[in-house]
Amino acid sequence: MDPKHQLLLRKLPGVDYVLGLWEKEPPVQEAPRLVVVQSIRKTLGQLRSKILGADEDLDETLLSDGQLLHLTEQAVNKAMGFNLRYVINATGVVVHTNLGRSLLPESVARHVAEIAGRYSNLEFDLEKGVRGSRYSCIEDVLCEISGAEAAMVVNNNAGAVFLSLETLAKGKEVIVSRGELVEIGGSFRIPDVMARSGAKLVEVGATNRTHLPDYEGAIRDETALLLKVHTSNYSMVGFTAEVSLKDLVALGAKYHLPVMKDLGSGNFVDFSKYGLIKEPTVQETVAAGADVVTFSGDKMLGGPQAGIIVGKKDSLGRITRNPINRALRIDKMTLAALEATLHLYRDESRAVSAIPTLLMLTMPAEAISKRARRLRNRLRKLANSRLEAIIINSSSRVGGGALPLQELPTKCVGVKIEGLSANSVERIMRGAAPPIIGRIENDLFVMDVRTVQDEEIAIITSTVKRILAEE
Ligand SMILES: *Cc1c(COP(=O)(O)O)cnc(C)c1O
């Protein structure tokens with residue numbers, strides 16, 4: 001090791017020394033001592049590694065009092081902030097699982113805040129003055145808008161599928177088409193969930209084609225359930241065939257077997273009315289006669305994370321009484337968010353204009369162009385010769401494993417800053433407060449305005465302005 005670096009290593013002060021510097025004039029007043037001490041340890045550890053691994057020449061300014069305080073202050077500020085933070089989604093992926101999937105409407109978020117900060121009648125029947133059911137507040141509205149006889153909610157759709165299989169088919173057989181044994185991502189695979197539920201998977205048909213006699217031929221005394229799974233994130237084209245839910249329900253009736261459909265992303269709105277690819281709605285699935293229908297609360301529904309189960313009284317009764325239910329139960333904040341979101345669905349036009357996920361999915365081309373022009377013009381107004389801002393035609397995605405083939409024509413604003421690579425711009429934007437998440441395309445930092453909210457345009461503009469001033 002370089003003798004100069006060996007000397008530096010010896011000069012590295014102890015925690016007490018830096019703490020003494022800090023306490024003379026604390027740069028962050030409200031930081032608890034515990035946080036400061038931990039931040040100093042971290043900072044000194046990083047300095048030690050830096051010196052040990054240094055291949056460049058380091059000198060003593062690295063360990064000056066000012067530098068030690070500055071590094072500690074940065075570490076303290078980082079530790080004082082929340083790890084889970086608001087970010088600006090400029091990716092154009094509407095239901096972005098990595099960025100929190102769906103945003104709640106303003107009115108829904110307000111209701112959640114009230115319920116979270118107050119006592120509530122979560123499990124208390126206000127009319128009778130006795131203990132009530134946690135789920136009663138959403139059963140009625142779910143039945144009302146889906147047309148189902150009964151409803152139930154758990155933590156997420158993976159939980160809903162697991163609980164339904166465990167209840168209806170543990171130790172028995174479940175018949176599924178080979179083409180529907182999907183992996184959703186985040187390691188949710190139908191065969192694996194099935195195995196964990198104790199149900200035995202019986203695959204029928206070929207990958208691309210499954211027919212009614214395939215299901216019928218597999219029915220035995222051990223059969224407990226016929227299952228159909230929405231293929232969500234992938235699509236088969238060409239020589240394909242699947243059995244309709246209606247035909248499967250008729251087969252189930254013939255053999256007295258319940259039929260379950262995992263819809264994945266469930267939607268109450270028929271998006272084909274708004275120019276998107278037709279997806280069966282929850283109402284249509286219920287009307288086709290499925291005994292159990294499961295779907296997510298935070299995919300195309302646009303509500304909180306939840307797994308919703310609707311269907312026939314008999315099957316739902318069994319699912320509700322399953323003790324595992326308790327391990328999957330949702331909390332009051334989710335319930336508040338879900339009830340308030342579902343209320344909006346009583347009037348479709350209100351749902352489409354108030355629920356951000358639906359608004360972004362059905363956004364007219366002209367509104368997107370207008371937003372893109374606003375962002376580009378605001379950036380150009382910075383009148384900085386190093387900055388180039390242009391509008392690019394592109395395609396947004398639905399996300400959340402829904403409608404993989406759906407093209408959503410959109411406008412992006414591409415940014416180039418002289419002296420900075422697109423990678424650097426991306427990194428700086430991602431490190432901003434709030435972070436701005438976009439993508440790199442043809443050496444530009446690209447922001448899809450479909451998922452940028454109007455009030456965020458000013459934030460993006462001031463972030464770019466700061467970059468131009470600092471970098
Ligand atoms: C997304 C999805 C799930 C899992 O839903 P989560 O709410 O993410 O748990 C299950 N099945 C299908 C078909 C899906 O698309």
Side-chain angles (χ1 to χ4, degrees), residues 93-104 138 142 151-166 168-169 174 176-197 199 201 203 210 225-236 242 245 248 259-268 271 276-277 279-282 284-285 290 292-311 319 324-325 327-331 334-335 337-338 341-342 357 361 397-406:
V93 182
V94 178
V95 183
H96 200 309
T97 298
N98 300 159
L99 301 183
R101 283 199 180 160
S102 284
L103 346 177
L104 299 177
I138 40 171
L142 269 172
M152 160 78 206
V153 179
V154 293
N155 182 54
N156 58 8
N157 189 35
V161 172
F162 173 79
L163 181 67
S164 303
L165 291 173
E166 214 274 347
L168 302 173
V174 179
V176 194
S177 161
R178 281 213 164 80
E180 297 175 4
L181 298 176
V182 293
E183 171 177 317
I184 302 303
S187 73
F188 179 91
R189 284 177 167 180
I190 288 293
D192 297 350
V193 173
M194 182 94 70
R196 286 294 170 129
S197 76
L201 173 69
E203 305 171 29
T210 304
L225 183 71
L226 306 177
L227 172 65
K228 261 187 91 62
V229 182
H230 194 294
T231 53
S232 294
N233 53 3
Y234 93 109
S235 189
M236 286 200 292
E242 67 169 313
L245 182 61
L248 207 60
V259 175
M260 170 169 155
K261 171 86 192 225
D262 175 18
L263 270 179
S265 170
N267 43 287
F268 290 109
F271 284 102
L276 273 68
I277 295 167
E279 278 285 353
T281 62
V282 174
E284 287 162 349
T285 310
V292 177
V293 182
T294 60
F295 52 99
S296 290
D298 57 352
K299 288 186 180 170
M300 283 171 87
L301 197 71
Q305 178 188 304
I308 302 171
I309 314 174
V310 298
I319 293 168
I324 292 175
N325 212 337
L328 298 171
R329 84 175 183 187
I330 58 174
D331 80 321
T334 306
L335 266 174
L338 192 58
T341 306
L342 292 172
T357 302
L361 288 173
R397 284 194 293 129
V398 176
L403 293 180
L405 298 182
Q406 180 72 54

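Basis for what follows: all heavy atoms, side chains included, without hydrogens, waters or symmetry-related copies. Read the numbers this way: they start at 1 and go in the same order the structure lists the ligands and their atoms. All residue numbers refer to positions in the sequence shown, counting from 1.
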Can you list the atoms of ligand 1 that are under 4.0 Å from a heavy atom of [X]?
| X | answer |
| --- | --- |
| Arg101 | 6 (P), 7 (O), 8 (O) |
| Ala158 | 4 (C), 5 (O), 6 (P), 9 (O) |
| His230 | 13 (C) |
| Ser296 | 5 (O), 6 (P), 7 (O) |

- Query: With Met260, which of Val174, Ile309, Val292, Val293 fulfils side-chain contact (heavy atoms from CB on, under 4.5 Å)?
  - Reply: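 Single side-chain contact (heavy atoms from CB on, under 4.5 Å) partner of Met260 among Val174, Ile309, Val292, Val293: Val292.
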- Item | Among Met194, Lys228, Glu203, the one residue meeting side-chain contact (heavy atoms from CB on, under 4.5 Å) with Val176 |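 Exactly one candidate clears the test, Met194.
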For [atom], find the nearest protein heavy atom and state the residue, atom name and distance (0.1 Å precision).
| atom | answer |
| --- | --- |
| atom 2 (C) of ligand 1 | Lys299 NZ, 2.5 Å |
| atom 11 (N) of ligand 1 | Asp262 OD2, 2.7 Å |
| atom 15 (O) of ligand 1 | Ser232 OG, 2.6 Å |

- Query: Is the shortest N/O to N/O distance between Asn157 and ligand 1 below 3.5 Å?
  - Reply: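 By distance alone, the answer is yes.
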- Item | ligand 1 N/O within reach of Phe188 N/O, cut-off under 3.5 Å |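 No: no nitrogen or oxygen of Phe188 is under 3.5 Å from one in ligand 1.
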- Query: Between Gly401, Gly264, Gly400, which one has a non-hydrogen atom sitting closest to atom 12 (C) of ligand 1?
  - Reply: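 Closest candidate by heavy-atom distance is Gly264.
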- Message: Distance alone, cut at 3.5 Å: any donor-acceptor contact between the side chains of Asp262 and Thr294?
- Response: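 Yes, a side-chain donor-acceptor pair sits under 3.5 Å.
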- Does any non-hydrogen side-chain atom of Pro304 lie less than 4.5 Å from one of Thr341?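 SC-SC contact between Thr341 and Pro304 confirmed.
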- Enclosure of Arg178 CZ (heavy-atom neighbours >12, cutoff 6.0 Å):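 Enclosed.
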- Message: Any atom of ligand 1 sitting under 4.0 Å from a heavy atom of Val161?
- Response: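 Heavy atoms of Val161 never come under 4.0 Å of ligand 1.
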